[in-house]
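Right, one structure below, let's go through it.
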Amino acid sequence: MGLAELVLLAVGLSMDSFAVSICKGLGMKKINLKVTVVLGLFFGSFQAGMPVIGWALGSQFMGIIGPIDHWIAFILLAFIGGKMLWEASTEDEDEGDGKDAEKIDLGEYLILAIATSIDALAVGISFAALSVDIMPAVSLIGITTFIFSVAGVAIGHTFGARYEKPATIVGGVVLIFIGLKILLEHLGILAI
């Protein structure tokens, strides 16, 4: 696998993290650099770490994880998206200060990072089959995902600062649809 293919793969793997980062940025009244960097590090680390796990395990356990990975991603993303919809619908108009999006929630970041990086586990298994040099490959994936995640927060913030409550609703719906898209693709109902 050449550099061009690895770059395209890294960009492709980072797209779910990019979309989720946009959703996180939607709820920020002002950019919080610490939150943005921590979110980028979570997503970048998991996108880099999952292929390492897949590479290390090889295809031994793919028979167990493969049939349900799409369900895991769907459930995690639907949970976070539903949580965002719930918070937007129960929030008092006077309380809409974006404080939740501007605080670091490690539990939420962990769930989002796992949900958006499950597909990278399968990539790691393919790396083992193709004898790809794992360290440069996962470094490129992690750095690319970090950059896209930070950019996603900035893009989301640009729109969310003006339209916080509707943007939170849109963000929740987007997360649910990303999870649904993953599920439908793996079930063979949606071909993209």
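Keep in mind the model is a prediction, meaning the values are calculated, not measured.
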**OP:** Not counting sequence neighbours, which residues clear side-chain contact (heavy atoms from CB on, under 4.5 Å) with Ser17? List them please.
**Re:** Phe43, Gln47, Thr116, Thr145, Ser149
Original post:
By side-chain contact (heavy atoms from CB on, under 4.5 Å), which residues pair with Leu41, not counting sequence neighbours?
Top reply: Val37, Phe146
Subject >> Verdict with supporting geometry, Ile22 and Val153, side-chain contact (heavy atoms from CB on, under 4.5 Å) >> reply: CA-CA 5 Å; Ile22 289 173; Val153 171; over 6 Å; no
Going from [atom1] on [X] to [atom2] on [Y], what distance comes out if it is rounded to the nearest 0.5 angstrom?
{"X": "Leu26", "Y": "Ile155", "atom1": "CG", "atom2": "CD1", "value": "10.5 Å"}
{"X": "Leu183", "Y": "Ile176", "atom1": "CG", "atom2": "CD1", "value": "13.0 Å"}
{"X": "Ser21", "Y": "Leu112", "atom1": "OG", "atom2": "CG", "value": "8.5 Å"}

Original post:
Would you say the side-chain atoms of Asn32 pair up with the backbone N or O of Val35, donor to acceptor, closer than 3.5 Å?
Top reply: yes
Decide whether [X] and [Y] are clustered together by the hydrophobic rule: side chain heavy atoms of Ile, Leu, Val, Met, Phe, Trp, Tyr closer than 4.5 Å, transitively.
{"X": "Leu140", "Y": "Val123", "value": "yes"}
{"X": "Leu8", "Y": "Met50", "value": "no"}
{"X": "Leu110", "Y": "Leu39", "value": "yes"}
{"X": "Ile143", "Y": "Val11", "value": "no"}
{"X": "Phe18", "Y": "Ile147", "value": "no"}

For [X] against [Y], the heavy-atom pair lying closest together:
{"X": "Ile141", "Y": "Pro51", "answer": "CD1-CG, 4.3 Å"}
{"X": "Leu6", "Y": "Ala137", "answer": "CD2-CB, 3.9 Å"}
{"X": "Lys30", "Y": "His157", "answer": "CA-CE1, 3.4 Å"}
{"X": "Asp133", "Y": "Pro136", "answer": "O-CD, 3.4 Å"}

**OP:** Could you go through the side-chain contact (heavy atoms from CB on, under 4.5 Å) check for Val138 and Trp55 one step at a time?
**Re:** CA-CA 10 Å; Val138 298; Trp55 177 79; over 6 Å; no
Subject >> ring pair (Phe, Tyr, Trp, His ring centres under 6.0 Å) involving Phe42 - partner list, sequence neighbours excluded >> reply: Tyr109
